Amino acid sequence: MRDNGRVISATRQPEPQAAALPPRLIATDLDGTLLRDDKSVSPRTVAALAAAEEAGIEVFFVTGRPARWMDVVSDHVHGHGLAICGNGAAVVDLHGGPGAHRFVKVRELPRKNALDAVQLLRDAAPGTVYAVEQTYGFHQEPAYPKLHMEIPDALAPAEDLLHPESPTAGEPVLKILAHHPTLDPDAFLTLARLAIGDRANVTRSSPSALLEISGPEVSKASTLALCCAERGISHEEVVAFGDMPNDVEMLSWAGRSYAMGNAHPDVIAAASGHTVANNDDGVAVVIERLLEGRP
């Protein structure tokens with residue numbers, strides 16, 4: 001991740017000596033990680049997050065969720081109030097509460113790249129349908145399934161939604177969602193990465209064949225690295241938690257990382273440590289252990 005102190009990449013292998021440094025920042029995914037399956041934050045986890053902040057350790061929520069879905073943790077942001085949303089596409093200040101968030105940093109998916117990705121994946125996986133996530137809007141194709149608990153702002157083919165002269169052309173595209181009705185989720189991810197190449201970053205966090213397509217080199221890891229660099233925090237001082245493929249790069253980058261007991265096999269392979277499942281407060285278990293013996 002670092003070369004003579006300069007950030008050059010968001011991918012690295014865990015280093016044995018990293019654990020010797022005390023943590024300065026905790027980066028945690030939400031769904032399947034910090035949140036229980038009912039989307040609640042347990043009292044034990046709330047207390048652990050507060051204790052970490054009280055000990056001077058910053059806590060960053062790093063999620064694939066859009067900013068408008070962050071009300072589930074808006075009461076627990078503490079201090080800086082920032083969260084990384086959209087798999088790294090945006091840094092959001094949640095201090096204003098639900099519906100009043102402010103975008104601090106946006107790393108958009110260029111429309112040309114998005115259009116290329118849509119066409120390449122249509123050719124590689126016929127039957128793929130799309131939705132488009134923007135800073136404040138959500139649009140989808142008519143055939144896109146009802147996977148999200150919201151009403152889309154517009155229904156149209158992805159090519160029209162992403163056209164340079166579309167009504168929303170002035171609003172940044174954060175990511176594209178691509179759904180296939182029959183393909184295996186991991187097989188779909190591999191196929192999409194091969195088809196799209198370096199035009200965009202492709203990952204997934206859903207148990208279904210739903211892919212999340214972001215700008216080139218945009219990931220949880222790369223945006224977290226930027227936020228840490230602004231604070232003078234090295235990757236060795238970061239502790240990260242996750243459960244799905246969209247967490248792999250972040251877990252590989254952090255000095256210490258933990259796969260949840262319910263994690264995808266790729267996440268288990270990428271993490272330097274393991275904890276219990278999200279429903280058993282796996283994040284809180286590790287934070288409590290980290291804080292033991294601290295002044």
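Keep in mind it's a predicted model, so treat the numbers as computed, not measured.
In this structure a side-chain-to-backbone donor-acceptor pair under 3.5 Å is missing from D160 to A156. With hydrogens and angles disregarded, no donor-acceptor distance shorter than 3.5 Å links the side chain of E159 to the backbone of L115. Checked by atom type and distance alone, the side chain of R199 pairs as donor or acceptor with a backbone atom of I196 at under 3.5 Å. Under a 3.5 Å cut-off, the side chain of R204 and the backbone N or O of F188 do not form any donor-acceptor pair.
N201 and S219 share no donor-acceptor pair across their side chains, judged by distance under 3.5 Å alone. No side-chain donor from either of D247 and H264 sits under 3.5 Å from a side-chain acceptor of the other.
Taken to the nearest 0.5 Å, the CZ atom of R65 stands 16.0 Å off from the CD1 atom of I84. For the atom pair OG of S205 and CG of L210, the computed distance is 7.0 Å after rounding to the nearest 0.5 Å. Between K105 atom NZ and L226 atom CG the span is 5.5 Å, to the nearest 0.5 Å. Interatomic distance, Y136 OH to T168 OG1, rounded to the nearest 0.5 Å: 15.0 Å. Interatomic distance, CG of L291 versus CD of E288, reported as 8.0 Å (0.5 Å rounding). Within the model, atoms CG of L211 and CG of L189 stand 6.0 Å from one another, a figure rounded to the nearest 0.5 Å.
Not counting sequence neighbours, T275 has no partner by the side chain to side chain donor-acceptor pair (under 3.5 Å) test.
Here the side chains of V62 and D29 are not in contact, with every heavy-atom distance at 4.5 Å or above. Side-chain contact between K146 and Q140 is absent, with no heavy-atom pair separated by less than 4.5 Å. Contact of the P23 side chain with the I57 side chain is registered, since non-hydrogen atoms from C-beta on lie closer than 4.5 Å.
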Open item on the list: Quick one, N87 with S214, criterion side chain to side chain donor-acceptor pair (under 3.5 Å). Give me CA distance, side-chain angles, the key distance, then yes/no.
Closed with: CA-CA 8 Å; N87 290 327; S214 305; 4.9 Å; no

- [ ] Verify side-chain contact (heavy atoms from CB on, under 4.5 Å) between L290 and R256, making sure each step is shown before the conclusion.
- [x] CA-CA 11 Å; L290 290 172; R256 275 176 281 184; 3.4 Å; yes

Open item on the list: Please determine whether side-chain contact (heavy atoms from CB on, under 4.5 Å) holds for the pair L224 and W253, giving the CA-CA distance in whole Å, both sets of side-chain angles, and the decisive distance to 0.1 Å.
Closed with: CA-CA 10 Å; L224 178 61; W253 173 76; 3.5 Å; yes

- [ ] Could you check S222 against R107 for side-chain contact (heavy atoms from CB on, under 4.5 Å), going step by step and ending with a plain yes or no?
- [x] CA-CA 10 Å; S222 61; R107 305 181 68 198; 2.8 Å; yes

Open item on the list: Show, in sequence, the C-alpha distance, side-chain angles and deciding distance for H179 and T128, and conclude whether the side-chain contact (heavy atoms from CB on, under 4.5 Å) test is met.
Closed with: CA-CA 6 Å; H179 180 267; T128 301; over 6 Å; no

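Other residues, nucleotides and ligands place no more than 12 heavy atoms under 6.0 Å from the NZ atom of K112.
Under a hydrophobic clustering in which Ile, Leu, Val, Met, Phe, Trp and Tyr are joined whenever their side-chain heavy atoms come within less than 4.5 Å, directly or via other members, V276 and V46 fall into different clusters.
Of all heavy-atom pairs between Q134 and R111, the closest is NE2-NH2, 3.2 Å.
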